[in-house]
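Heads up, the thing below is written out as C-alpha cells.
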Amino acid sequence: MKRLLLLIVPLLSAAAAKAADSDTVYTIERCYELTENNYPLVKRYDLISLTEEYTLKNAYMHYFPQISLSGKASYQSEALAFPFSVPGIELPTFSKDQYNIMIELSQVIWDGGQIAAERRNIRAKSETDRREQEVDMYSLREKVNDLYFGILLIDKQIRQTEIILSDLSSEYGKVTESMANGVANRSDLDMIEVEMITRRKGRTEMESMLEAYMRMLSILTGVKIDSPEMLTEPVPEGTDMKRLLTDIIVADIRRPELDLYAAREKEIDTQWDYWTAKGLPKVQLFIRGGYGRPGLNMMDDTFQPFAIGGIQLVWNISELYSLGYGKKIISYSKSQINTVRETFLFNTGMLSDEKITQIRKYFKIIEDDDRIVRLREQILESTRGEVENGTLSASDLIREINKTELARMEKIMHEIELMKSLYELKTIKNN
C-alpha cells in the first residue's frame with residue numbers, strides 16, 4: 001500500500017499542478033470575456049434591469065383605483081337671487097363666497113390600451129439601452145487586441161534579443177581566442193562588447209514596455225497577468241491562415257450595432273401604439289365625496305356633505321389631430337435608422353476590405369521574409385568563418401548579425417501583425 005501511495009501521490013500532484021497551470025493560461029477570447037465582466041460599465045446592465053422593473057411597476061399602478069383630493073375657495077360678483085318675493089315667505093339668499101373640498105376615487109375599466117402600450121414602450125426602451133451597452137462593451141475588444149498582440153510581439157522580440165546576445169557572447173569567446181593567436185585585435189573585442197551592452201539596453205527597454213502592457217491588460221481583465229506565457233497564440237502554429245481568412249470573409253456581419261438598430265425600430269413602433277391608444281376613448285367608474293357650500297342642493301346655502309358616483313367616458317378627440325403627423329414622424333424616424341444601418345454596413349464593409357487587403361499583403365511579405373532570413377543566415381555563417389580566419393573584422397560580423405536580426409525581427413513582426421489583422425477582421429465582423 002505504501003508503495004502504491006508513493007506512486008499515486010506524485011502523479012496526483014503533477015496532475016494538480018498541470019490543472020493549476022491550465023487555469024492561468026488565457027486565450028484572447030477569454031480575455032474578451034474577462035474584460036467585459038470586469039469593466040465598471042458592466043454594472044449598468046443591472047441598473048437598466050432595475051429601472052425597467054420599477055418603471056413597469058409604476059405604469060401598472062394605473063390599473064389600480066386612483067385617488068385624488070381637491071379643494072376650492074371662490075368669490076363671485078353675482079350670486080343666485082330670486083327676482084320676486086312671496087308675501088309671508090322668506091326666500092333663501094345665496095353667498096357670493098363658495099367653498100368645497102372633495103375626494104374622488106376612480107377605477108379604469110378600459111383605457112384604449114394606453115397602459116399596455118406604455119409598458120411595451122418601457123420594455124423596448126430598456127432593450128435599446130441594453131443594446132447600446134453591448135455596443136460600448138464590444139468596443140473594448142480593440143483595446144484587448146492591441147495589448148494582447150503587443151505582449152506577444154514584445155515577448156518574441158525579447159527572445160530574439162536573447163538569441164543575439166547568446167551569439168555575440170559566443171563570438172566574444174572566439175575573438176578572445178583569436179586575439180591570443182594574434183589574428184584579432186582588441187578593437188574587435190571592444191566592438192562586440194559595445195554591441196552586447198547595446199542589446200542589453202534594448203532588452204531592458206522592451207522588458208519595461210512588456211511589463212506596462214501586461215499591467216494594463218491585467219487592469220482590463222481583472223486577473224493578474226505577469227508573464228507572456230500566460231497568453232496563448234490565437235492562431236496556433238500550422239494553422240492554414242488562408243483558409244481561416246476565407247472563412248472570415250464569407251461570414252456575415254454580426255455586430256451588436258445591428259441589434260441596436262433593430263431595438264430602436266421596435267421602440268419606435270411601440271411609440272406609435274402609445275400615441276394611437278391616447279386617441280381612443282376611456283371608460284372608468286368613479287365616486288366623489290366632499291364637503292362644502294353649497295353642496296349638491298343649490299338651494300341650501302349652508303355647509304353640507306355630498307357624494308356622487310357613476311360611470312364616465314372621456315375622449316380627448318384632439319389627440320386624433322396629431323396621429324397623421326405622428327405617423328410621418330414614425331416613418332421618418334425609421335428611415336433615419338435604416339440610413340444609419342446602411343451607412344454602418346457600408347463603412348464596415350470598407351474596413352473589412354481594407355483589412356483583407358492588408359492580410360493578403362502580409363501573406364506575400366512573410367513568404368519573402370522566410371527567404372530573406374534563410375539567405376541572411378547563410379551570409380552570417382560565411383562571415384563568421386571569414387572572421388575566424390582573420391579575413392574580415394568584427395565590425396563586418398556585427399553588421400551581418402544586425403542585418404540577420406533585422407530580417408528575423410521583421411518576420412516576427414509581420415507574423416504577429418498577420419495574426420492581429422486576422423483578429424481585427426474578426427472583430428470588425430464579430431465572427
Side-chain angles (χ1 to χ4, degrees), residues 46-83 90-129 267-326 329-330:
D46 293 334
L47 296 177
I48 291 171
S49 296
L50 289 172
T51 301
E52 178 186 15
E53 177 184 354
Y54 288 109
T55 308
L56 285 171
K57 288 181 178 179
N58 184 60
Y60 191 78
M61 291 298 174
H62 291 95
Y63 284 121
F64 293 178
Q66 304 298 304
I67 302 175
S68 62
L69 178 66
S70 63
K72 182 176 70 173
S74 64
Y75 182 85
Q76 55 197 51
S77 60
E78 295 288 339
L80 180 64
F82 292 97
E90 184 180 357
L91 296 176
T93 59
F94 302 95
S95 303
K96 294 182 178 180
D97 55 327
Q98 297 182 1
Y99 310 90
N100 70 63
I101 183 169
M102 181 174 62
I103 185 170
E104 178 176 334
L105 179 66
S106 61
Q107 173 64 56
V108 171
I109 298 177
W110 188 66
D111 68 342
Q114 184 173 340
I115 297 174
E118 182 181 1
R119 287 168 60 84
R120 287 195 297 270
N121 182 250
I122 291 168
R123 293 190 183 96
K125 284 182 178 179
S126 298
E127 183 64 19
T128 299
D129 290 340
E267 181 184 348
I268 290 173
D269 289 335
T270 60
Q271 288 177 355
W272 172 249
D273 294 340
Y274 181 72
W275 290 349
T276 303
K278 285 177 65 178
L280 296 176
K282 298 167 182 58
V283 181
Q284 63 183 16
L285 296 173
F286 73 92
I287 181 171
R288 300 188 189 108
Y291 183 78
R293 185 185 72 185
L296 295 181
N297 183 2
M298 297 292 295
M299 302 300 293
D300 187 349
D301 195 38
T302 62
F303 284 91
Q304 54 186 298
F306 59 88
I308 184 174
I311 185 171
Q312 66 179 2
L313 180 139
V314 179
W315 191 359
N316 187 358
I317 300 177
S318 61
E319 292 287 349
L320 298 176
Y321 301 161
S322 60
L323 286 182
Y325 293 106
I329 292 172
I330 294 295

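Only this structure's heavy atoms are used, side chains among them; waters, hydrogens and symmetry mates stay out.
Under the side chain to side chain contact (heavy atoms under 4.5 Å, CB included) criterion, Y99 pairs with A73, D97, R293, F303, sequence neighbours left out. Remark: L296 pairs with F306 by the side chain to side chain contact (heavy atoms under 4.5 Å, CB included) rule, at least two apart or across chains. Qualifying salt bridge (Lys or Arg N to Asp or Glu O under 4.0 Å) partners for E127, counting only residues two or more places apart in sequence or in other chains: R130, R131.
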- Message: Evaluate Q271 against N121 for side-chain contact (heavy atoms from CB on, under 4.5 Å), listing each step before the verdict.
- Response: CA-CA 6 Å; Q271 288 177 355; N121 182 250; 3.4 Å; yes
- Task: Report the C-alpha separation of I67 and E104 in whole Å, then their side-chain angles, then the decisive distance to 0.1 Å, and conclude whether the side-chain contact (heavy atoms from CB on, under 4.5 Å) test is met.
- Result: CA-CA 6 Å; I67 302 175; E104 178 176 334; over 6 Å; no
- Does the pair D111 and H62 meet the rule for a side-chain contact (heavy atoms from CB on, under 4.5 Å), with working shown? CA-CA 10 Å; D111 68 342; H62 291 95; over 6 Å; no
- Item | I122 vs T270, side-chain contact (heavy atoms from CB on, under 4.5 Å): CA-CA, chis, key distance, verdict | CA-CA 9 Å; I122 291 168; T270 60; over 6 Å; no
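Distance check, rounded to the nearest 0.5 Å: OH of Y75 to CD of Q98 gives 11.5 Å. Taken to the nearest 0.5 Å, the CD atom of Q312 stands 4.5 Å off from the CD atom of Q284. Between the OG1 atom in T51 and the CG atom in D46 there is a gap of 10.5 Å [rounded to 0.5 Å].
The shortest heavy-atom contact between G112 and A277 is O-CB, 3.4 Å. Closest heavy-atom contact between L285 and I109: CG-CD1, 3.5 Å. Nearest heavy atoms, L105 versus P65: CD1-CB, 3.7 Å. L69 and I103 get closest at one heavy-atom pair: CD1-CB, 4.1 Å.
Remark: the backbone N or O of S126 is not paired with any side-chain donor or acceptor of E267 at under 3.5 angstrom. Using a distance-only test at 3.5 Å, with no hydrogens or angles considered, a donor-acceptor pair links the side chain of Q107 to the main chain of Y63. A donor-acceptor contact shorter than 3.5 Å links the side chain of R119 to the backbone of L56.
When the shell of 6.0 Å around CH2 of W315 is examined, it contains 12 or fewer heavy atoms from other residues, nucleotides or ligands. The neighbour count for K96 NZ, taken as heavy atoms of other residues, nucleotides or ligands under 6.0 Å away, is above 12.
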